[in-house]
Amino acid sequence: MAKDSNASSSPPDLSVQLGPLRLKNPVLTASGTYGYGEEYAEFVAPESLGGIVVKGISLHPRPGNPPPRLVETSAGLINAIGLENVGLENFIKHKLPYLRTRQVPVIVNIFGSVLEEYAELGSRLDKVDGIAALEINISCPNVKQGGMVFGTEPAMAASVVRAVRQATSLPLITKLTPNVGRIGDIARAVEDAGTDIISCINTVAAMAVDVFSRRPKLANIVGGLSGPAIKPIALRCTYEVLQSVKCPVIGVGGVTNTLDALEFLLIGAKAVQVGTANFLSPTAVLEIIRGIERFLEVEGLARLEDYIGTLDIGCIFPFAEESCEAVGLA
Amino acid sequence: MAKDSNASSSPPDLSVQLGPLRLKNPVLTASGTYGYGEEYAEFVAPESLGGIVVKGISLHPRPGNPPPRLVETSAGLINAIGLENVGLENFIKHKLPYLRTRQVPVIVNIFGSVLEEYAELGSRLDKVDGIAALEINISCPNVKQGGMVFGTEPAMAASVVRAVRQATSLPLITKLTPNVGRIGDIARAVEDAGTDIISCINTVAAMAVDVFSRRPKLANIVGGLSGPAIKPIALRCTYEVLQSVKCPVIGVGGVTNTLDALEFLLIGAKAVQVGTANFLSPTAVLEIIRGIERFLEVEGLARLEDYIGTLDIGCIFPFAEESCEAVGLA
Amino acid sequence: MRKIQEDAWIMEHEALAQHTYRLRLESKKVAAVAKAGQFVMLRINDGLDPLLRRPFSFHRILPEQGVVEILYRVAGRGTWRLSQSSIGTRVNLVGPLGNAFNLPDDGSSPVVLIAGGIGVAPLFALMDRLFANLSDLAIHLFYGARTAAELLPEQVLEDFKLRIYWSTDDGTAGYLGRVTDLFNESMAEGLPRPSMVYSCGPLAMQYHVSKWASMHGVPAQLSLESFMACGVGACLGCALPAVRADDPAADHYVHVCKDGPIFSPGSIQWQKIQMHRAPPQIFLFS
Amino acid sequence: MRKIQEDAWIMEHEALAQHTYRLRLESKKVAAVAKAGQFVMLRINDGLDPLLRRPFSFHRILPEQGVVEILYRVAGRGTWRLSQSSIGTRVNLVGPLGNAFNLPDDGSSPVVLIAGGIGVAPLFALMDRLFANLSDLAIHLFYGARTAAELLPEQVLEDFKLRIYWSTDDGTAGYLGRVTDLFNESMAEGLPRPSMVYSCGPLAMQYHVSKWASMHGVPAQLSLESFMACGVGACLGCALPAVRADDPAADHYVHVCKDGPIFSPGSIQWQKIQMHRAPPQIFLFS
Ligand SMILES: Cc1cc2nc3c(=O)[nH]c(=O)nc-3n(C[C@H](O)[C@H](O)[C@H](O)COP(=O)(O)OP(=O)(O)OC[C@H]3O[C@@H](n4cnc5c(N)ncnc54)[C@H](O)[C@@H]3O)c2cc1C
Ligand SMILES: Cc1cc2nc3c(=O)[nH]c(=O)nc-3n(C[C@H](O)[C@H](O)[C@H](O)COP(=O)(O)OP(=O)(O)OC[C@H]3O[C@@H](n4cnc5c(N)ncnc54)[C@H](O)[C@@H]3O)c2cc1C
Ligand SMILES: Cc1cc2nc3c(=O)[nH]c(=O)nc-3n(C[C@H](O)[C@H](O)[C@H](O)COP(=O)(O)O)c2cc1C
Ligand SMILES: Cc1cc2nc3c(=O)[nH]c(=O)nc-3n(C[C@H](O)[C@H](O)[C@H](O)COP(=O)(O)O)c2cc1C
Ligand code: FES
Ligand code: FES
């Protein structure tokens, strides 16, 4: 009894277990929107986060696309950064040491243009300290398959995951692209191939043009849409994935405030990643963590895990005669 | 000479030719957002429109989904109307007569749950006066194929178009769904199957939930996202379709103002449909038509067709030494 | 019935109760044709946030002055933004939309008006109309809210010759309990049978009124709500399950914006209405 | 360098020229650490329209008063909305961001400041700093705009001990022609070689300044722009083609928000800059 009342007055437990990965809270930063962690450290102590997913890393440094790389759209942002990154070696030498000094799970987002690059990234990072998990970005063109994006074909997606799975014992997150017909099929394929966790979604393929100059607004012509505009799409994708697999799922796409995060958790995502919202407010992630805590308090829930996945899709007919008493209308 | 200066002082020619279909201007209303034309007639004279696409018609009346049917999202709207409509007979008897009294191309959007329904809709409407074209909505589940959406599979999409093509000599528009991996493949399939025109996109599959009641916000759980949020996606889809087919293409999705419409025209769409924007302003279509006219005047173009498809994707480097003169920097 | 799109200027904007504001709009064309019970679709600003227009009933209609009033409660993003807009700024109206309240057949018996919370809004315009047409009509207004702070101040009702029955769910003013319970009790205590019941408020209240009216064979006019996009019958979004004359059990829907917002109790298939969204708690989270 | 997120209150908001406004903000923490040449990412309102923050250089920095000023030109949706915000409302700042202008090595030779249009904004803060540190410095300000109406009124420059060279593209005020032509001519006519050129304005102007500075071996500090999302080096969106020390021809990019906005002419690969968007014509269409 005393224990119970103690429990309810102590702050709610926000921790979540995603297969092999335990996070103190369900709020991660999304790859490519939070640099290598240090960029936002003046605004948010990394220790307060569920985890940091760093900018996508390739075997070798990449300069990225020529500018313009960004276009703002209605409640959205199109980017075509071109996966600019410092490359694996520089990451390990110059970026990771800082992250190791902070008590936060570091998730390394990796990508390649052929299967072998993914595998090598996996095996080289396997030996490195201070990494909590790898996130495999399969939204990249496979140069050996005519540039077809790895993540758009179940078999190809699975082959990437298998390659990395064999190369490392680190927890694996596979990040799905929404630019497919049936995301559930891809989810099943990567689960079968051995991913521990699925995150979804990456950006939605998009485009913008300038009617005056008659030119694309991005040097790359097309890019990926993120931000609040895509949240309803991301939520639907996450829902489809949750119905297709058993492994834990991380919801990504348009999470901008507490309610957005709770929506993904409600449908069953174990955690969320916050991307574009960091640009709107560098403290967005903190506000979301605090908001979730407050929500659980108001709802009288001691543990976030008690809320996750409690979506009720049954119908309630409050004015059907049988149920009238229930709503106090007798 | 005199002719030339006359030409430039007369209002620009907004007419467009889409295969067999000639429209006085490129602005159509999108199916399901403009009722059967009469609903908005107090705000916009139907005669001023390029055309009216009516609410999707099925062989038999359909009550539609239980409410809630709508959710607003960031710069978007999710609907799950459930294709409520009065059915073919009522449409012909009670809705079409009014439209016949107005000088506007009427495009009838049709859908079915099996191939045969599409074919019968085609053959019955073939004999009806006052119809400028049919628009085939293939974003519907095929009940004979386990509910798989017709428009998500090239062969299935093509079979619908072939069925309608054999049933009618009316101009055919096929409306594509964006919820596929490669929309260009679908476009090619329906072009080969005999569609005269392609329109894209229909709504993007989406979802919304209420974190307090822990229930979906739509009785149907999932719905279709429309509005400004999806414009960058629609533009990219339209671009991909244009690269895949030779037939004329109508851009649909998030067209809210003049610049949006011009973006689709710039990349090569011959016309646009305006949907959700009608809800924001019942005179949106008029403002867009006037805006395009004004734009052509400012740009000194006599004909809209001279602007359509003039997107330039070549690179301009204004500060590369050779081109400096061009930008007046010598 | 002519529908108009018009820019309206905010002449006055006043808080009348907790989270409740009255907006006085100069809107000559709309005011000239508006009727009690009808509504407008109001665009809160030129931006896309919120995207859609919001429906509001006419609270007062003053055609001679070219003025309409709206009484609204902050319920979410849109109404919150509206509450921030200042005098002299512009909102865009589309209206008048929907059907209107009808007068009772019989002006000699009393009529009952039942208002739950912000549901009181359209009843003012209705009362104006009732008094203008039936000056001797006895009106009993049952007016309930969750708590005293949410009730409009008594003064705003002073102009009307009414009998008012106040209630609050928490007993902070008037009768402790639901307004429909108060109404029930008052009827049981011998209030004369009304010739018409008009009501506006939360769906659960409307259901109760509807049941009462059907049971007692008293005609009623309920102002109902549904989420709306177009407001003009084009999107088919604002459906409510309804009774189809030729087949009362069939799945059939009316559209609040076109067939309503005023409905008779018997036209709605109450048992098919689904609940999906909890009452908004916008002041807690964002 | 400490970055701060702070709510700032609009103290003054004044139109100074066509489509050009000065915003005076109470922003104690930012003002305390801001330096000339740096910028803030400003969130125009709580809504999502526009979505992103917008970058603005410090126009004036008054640490003792806890005040910063921004001078901006309406260029699109965001700045238009900003221009509508009234005194007493709140905007949210993230800053100070980026690097700052450096003082010239040599205070005895004159410095040249070149401003194109709204590019004059950060040069005020720079002049404050120059005079505070090098009180006898001779400053030549070349200030051009498209037309007279877009030039700031002379009074706002009165406080500074300067030689000002005005130009307009249409000749409605000052020299008829581009500000860089005026600068070129003035140098040809015997203006002493400056110890530093500072410039801010359209890219074509910056390119010209850059070429001149390289050709004459005069050090220059150019305040450059790029479309930004984060402002803190996290998104890698604000890239400009740049010279990589170890391989000058390689594809390489600097990031304006972190490596800039102040750059030396030689660090940019001008020939690789692509043009994509035409100057906005927001007053014609929406
Ligand atoms: C015909 C009609 C007349 C109305 N008259 C009035 C009035 O006079 N005064 C007044 O305060 N309110 C009135 N309403 C309700 C009012 O339209 C909603 O409160 C408003 O749209 C909420 O907008 P929001 O952006 O603040 O809330 P949102 O953030 O959009 O939503 C907040 C909550 O309100 C619900 N909601 C949103 N729109 C509607 C809607 N159209 N109908 C019912 N619930 C909705 C949402 O589901 C959510 O639970 C009327 C509604 C209708 C349909
Ligand atoms: C470091 C820095 C400092 C700046 N300082 C000032 C200043 O002191 N005063 C001032 O008036 N402006 C300044 N700008 C430019 C200002 O940020 C843009 O004018 C503003 O973001 C336009 O926003 P908008 O919503 O009005 O226009 P939008 O509708 O977003 O765009 C209108 C046009 O401006 C372009 N644009 C948008 N954002 C930028 C940007 N970040 N840089 C360049 N072009 C852009 C768009 O591509 C488009 O052509 C600065 C920019 C940077 C990068
Ligand atoms: C500027 C930018 C850069 C991104 N870079 C990467 C990346 O390197 N690897 C990756 O997997 N996803 C990348 N993403 C995708 C995000 O991680 C995220 O999946 C997407 O933005 C949707 O989330 P949001 O709407 O919260 O931003 C990037 C997104 C943005 C906006
Ligand atoms: C309320 C609503 C109903 C719709 N009904 C139909 C329909 O019956 N048939 C159809 O092909 N598309 C239908 N659509 C899709 C639109 O025609 C259009 O393709 C989509 O909304 C994207 O355009 P928009 O962003 O301009 O709205 C509907 C859209 C909405 C919002
Ligand atoms: S709101 Fe569109 S039909 Fe009623
Ligand atoms: S704006 Fe994000 S890196 Fe510069």
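Chain letters run A, B, ... following the sequence lines, proteins first and then strands; every chain starts at 1. These numbers were taken from a predicted model, which means no experiment stands behind them.
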Evaluate salt bridge (Lys or Arg N to Asp or Glu O under 4.0 Å) for A:R215 paired with B:D312, printing each intermediate quantity in order. CA-CA 5 Å; A:R215 307 180 60 74; B:D312 177 4; 3.1 Å; yes
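- Here A:G314 is the residue among A:G314, A:G227, A:G223, A:A219 with the most heavy-atom pairs under 4.5 Å with chain B.
- Residues forming a ring-ring contact (aromatic ring centres under 6.0 Å, His included) with A:F150 (at least two apart in sequence, or on another chain): A:Y118.
- Residues A:M207 and B:I267 share a closest heavy-atom pair of CE-CG2, 4.0 Å.
- B:V211 touches chain A through backbone and side chain together, each having a heavy atom under 4.5 Å away.
- The shortest non-hydrogen separation linking A:A277 to A:T256 is CB-CA, 3.7 Å.
- The aromatic rings of A:Y307 and A:F295 sit perpendicular, their planes meeting at an angle over 60°, well past the 30° parallel limit.
- Residue B:I183: no heavy atom, backbone or side chain, is found under 4.5 Å from chain A.
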Under the side chain to side chain contact (heavy atoms under 4.5 Å, CB included) rule, what do B:T203 and B:N179 come out as? Steps first, then yes or no, please. CA-CA 8 Å; B:T203 53; B:N179 303 307; 5.8 Å; no
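- When atom types are taken as modelled, the side chain of A:N65 and the backbone of A:N220 share no donor-acceptor pair closer than 3.5 angstrom.
- Here B:I201 contributes atom CD1 and B:S139 contributes atom OG; the two are 9.5 Å apart, rounded to the nearest 0.5 Å.
- Contacts between A:L266 and chain B at a heavy-atom distance below 4.5 Å involve the side chain alone, from C-beta outward.
- For B:S226 and B:T276, the side-chain atoms include at least one donor-acceptor pair closer than 3.5 Å.
- Heavy atoms of A:I78 lying under 4.5 Å from chain B belong exclusively to its side chain.
- Heavy atoms closer than 4.5 Å to chain A are found in the side chain of B:V204, but not in its backbone.
- Listed in order of number, the residues of residues 66-76 of chain A that approach chain B to under 4.5 Å between heavy atoms are A:T73, A:S74, A:A75.
- Across all their heavy atoms, A:R214 and B:L301 have their closest contact at NH2-CD1, 3.5 Å.
- Residues satisfying the salt bridge (Lys or Arg N to Asp or Glu O under 4.0 Å) test with B:R303, not counting sequence neighbours, are B:D306.
- The heavy-atom pair separating B:R188 from B:V245 by the smallest distance is N-CG1, 3.7 Å.
- In terms of non-hydrogen atom pairs under 4.5 Å with chain B, the most contact-rich of A:V222, A:T310, A:T177 is A:T310.
- Distance check: B:K175 NZ to B:I138 CD1 gives 11.0 Å after rounding to the nearest 0.5 Å.
- Contact of B:L225 with chain A is made through the side chain alone, with heavy-atom distances under 4.5 Å.
- Close approach to chain A, defined as a heavy atom under 4.5 Å from one of its heavy atoms, is seen in B:P232, B:I233, B:L235, B:R236, B:Y239 of residues 232-243 of chain B, taken by number.
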